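These notes concern the structure reproduced below.
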Amino acid sequence: MSFPQTPDILNKRLLDASVLSHDLPSALEQIYAWMLCSRTVDNRILELFRQGLIKGTVTGGQGNESLIVPLALLADKSQDVISFTHRGLGGHLVWSGHVCDHLNQYFANAESPTKAREGNIHHGDPANRSIPMISHLGAMISNVIGLTDSQRRNGKNAVGFTFFGDGSSSTGDVHESLNLASLLSLPIIFVVENNKYAYSTPISEQFVKGTELWKRAAGYGIEGYSIDATDAHNAAKEFSKAIEKVRTTSRPILIEAHTLRLRGHAAYDTCDYLLPGEADSFLSQDGLPKIRTELVKLSSEEKVKKLEESISSFIETCIKVSLSTARPNPKDMQVDLFAPEQKAFAWKPVIDSETPEVKKETLNSAQAINKALKKILTERSESVILGQDIGTYGGAFKVTEGLLKKFGRSRVFNTPLAESACTGYAIGLSLGGNRAIEEFQFADFTTEAATQITLNAATMHFRSGAKCPIVFRLPAGGGLTFGSFHSQELESFLLSMPGLKALYPSTPQDAFNSLLAAYEDDNPVIIFEHKGLYRKGKGEVSWDPNYRSVWKPKQVRSGTQATVVSYGEMLHQANEACAYFEEEYEQSFDLFDLRCLSPLDLTSIEASLKKTGRLIVIHEGRMTHGFGAELVARLTEYHFTSLKKAPLRIGSLDLPVPFAPELESAFRPNTEKIIESITQWLS
């Protein structure tokens, strides 16, 4: 569908800072035009919502235009990075796209930038480095840090812009991100949009009286100050100086921008919490009439009215076009959950580029993973490995030992204890063309980064079309007496959220293959690495041209008695149990190593189940809501009539992981308990 022709003034999306001094009328005209466009669109969206033509709800940027429009105009849209929030419609309009594109988003029609999968302001333009927002506002900041770093790594003199309100300034992600940007010395402008309310909560109930948010900058060793962002001319001057400084010094700055929210938090907000006279006070500070008055003095009333008429007419035409656009079709939703499979990388057919003459090596799983990481860093220049203590120390389990010394701190680096911000940073890197591999010290610590993993990375392709190639390495599982917070199996918890792929290798060869397969995938991939397997036995590891086979189950044993499915460390316990039954009772089993937990491909296992008619699922996770429940449900849903017996699930007790060896042994499955359970089940 063709869009209406844009007025010339709205084709000007870049404001050179020098124009503010040598041609002020032109600069103010450009700023006012975009502010007026933003205000008009915001107001019309609210009216259309009240008419029932826009669904859900809408938030508005009325009052915030004096902040967002000058900054967006001054930013270099060819290289800079940004992520707008609820009050940032004016920034979206300036940054990229036609007004109709943004209206289509609100109408949730077939031409919506998010294919109508996200509502109103929850969109961006990842191709042009505008990262789509999620409602967890603090969690978006670290994405900007990572993408800005990626731009810098790729030779771009980029600046990143992040926004958060006085309310979200209290979240941990904000503090983690400020510290991370300062630590890495990255050119980020942090903007606190202080409009004095977090939804209905006034700043008097958020902070101790007299708190000035910009002063927090000192705690992170960066510059900070406040500005009056109700005056667009003033805001433009302040932001131009900040952008120049940050671009030159590559040091972050924290700016507390005192701004306005002329309407409530969202369309349904009654604003009955405002103090008497407060709404009128806000209106008296509105930046739109301020800049109009200034522009009229420098130009003329007639010229300004002509500009206003042109913009108003254009927006009404755009609304008619967007209203007439078709409704969305749900047919591609499931297809778009994951980015499509890409051609395999051109890996060198060796496990170690430094010793190519060695065809095979006998390694444990920790050594195999180290070899795979080394291969990736050697052959893929875009790769970056990060995590706590992975540098000089080599990681909690010494899996990254030696990599820092060989590849340097720009490629292999320690992160502060800030799992959420560091994961968001890794997501940003991956959006920019780098491919990050993040090691969590223990799988348990992913709960600190749950928003980033499950709501940000996992949904990125579905809601924006952007690829998010990132690998999360999770040392998981018990048996080593590490207690409740270092021993959990979290596959069921994490994989209940759509958009994540997951591998769980049980052998050194599969561990090596899993890293390569996960790394080249264009989606976020979790690799569960059972801690008990890192140094439990060795196996031959060689270059395997069929390394992508880890995305499918592997049959380990053949038999007729039952179909047994397991993975990770439990696969070895299951194999020992199957061997026992075969040796002692001549009862053989089909045993499958699941390997890939998401997306599940159960074709070969289903064929086995049709043959045996009996199903046993063994996993270390707890029984209630455990991953085995999903496997049983899927395998029996269409093969119930083939079953000769109710399925058997074997898992851990529904308890936190206990510490003492005697207690942990009672908590989790082992070979003896598996044999006992199967014996009772078969009798």
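Keep in mind the model is a prediction, meaning the values are calculated, not measured. Numbering of residues begins at 1 and proceeds along the displayed sequence.
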*Applying the side-chain contact (heavy atoms from CB on, under 4.5 Å) test to E419, which of Q452, Q388, Q441 qualifies?*
Q388
*Among K359, K374, K360, which residue meets the salt bridge (charged side-chain N to carboxylate O under 4.0 Å, His left out) test with D352?*
K374
_Lys/Arg-Asp/Glu bridge criterion (N-O < 4.0 Å) met for D522, R435_ = yes
*Above 12 or not: heavy atoms from other molecules or residues under 6.0 Å from NZ of K611?*
yes
_Between T603 and D601: side-chain donor-acceptor atoms closer than 3.5 Å_ = yes
*Are side-chain N/O atoms of D444 and Q488 paired as donor and acceptor at under 3.5 Å?*
yes
*Give a yes-or-no answer on whether the side chains of T671 and Q573 include a donor-acceptor pair shorter than 3.5 Å.*
yes
*Could R473 and E529 be called an ion pair, given the rule that one side-chain N must be under 4.0 Å from one carboxylate O?*
yes
*Counting heavy atoms not belonging to F485, are there more than 12 under 6.0 Å from its CZ?*
no
*Give a yes-or-no answer on whether the side chains of H619 and E491 include a donor-acceptor pair shorter than 3.5 Å.*
no
*Would you confirm whether H461, through its side chain, and D336, through its main-chain N or O, come within 3.5 Å as a donor-acceptor pair?*
yes
_Check this for me, if you would: do E630 and R634 make a salt bridge, where the nitrogen-to-carboxylate-oxygen distance has to be below 4.0 angstrom?_
yes
*Is D593 close to R557 at the side-chain level, that is, under 4.5 Å between some pair of heavy atoms?*
no
*Taking 4.0 angstrom as the limit, do E489 and R668 come out as a salt bridge?*
no
*Charged N to carboxylate O below 4.0 Å: is that the case for E520 and R380?*
no
*asked:* Return the CG to CD1 distance between L429 and I145, rounded to the nearest 0.5 Å.
replied: 10.5 Å
*Residue pairs involving residues 405-415 (criterion salt bridge (charged side-chain N to carboxylate O under 4.0 Å, His left out); sequence neighbours excluded)*: E354-K406
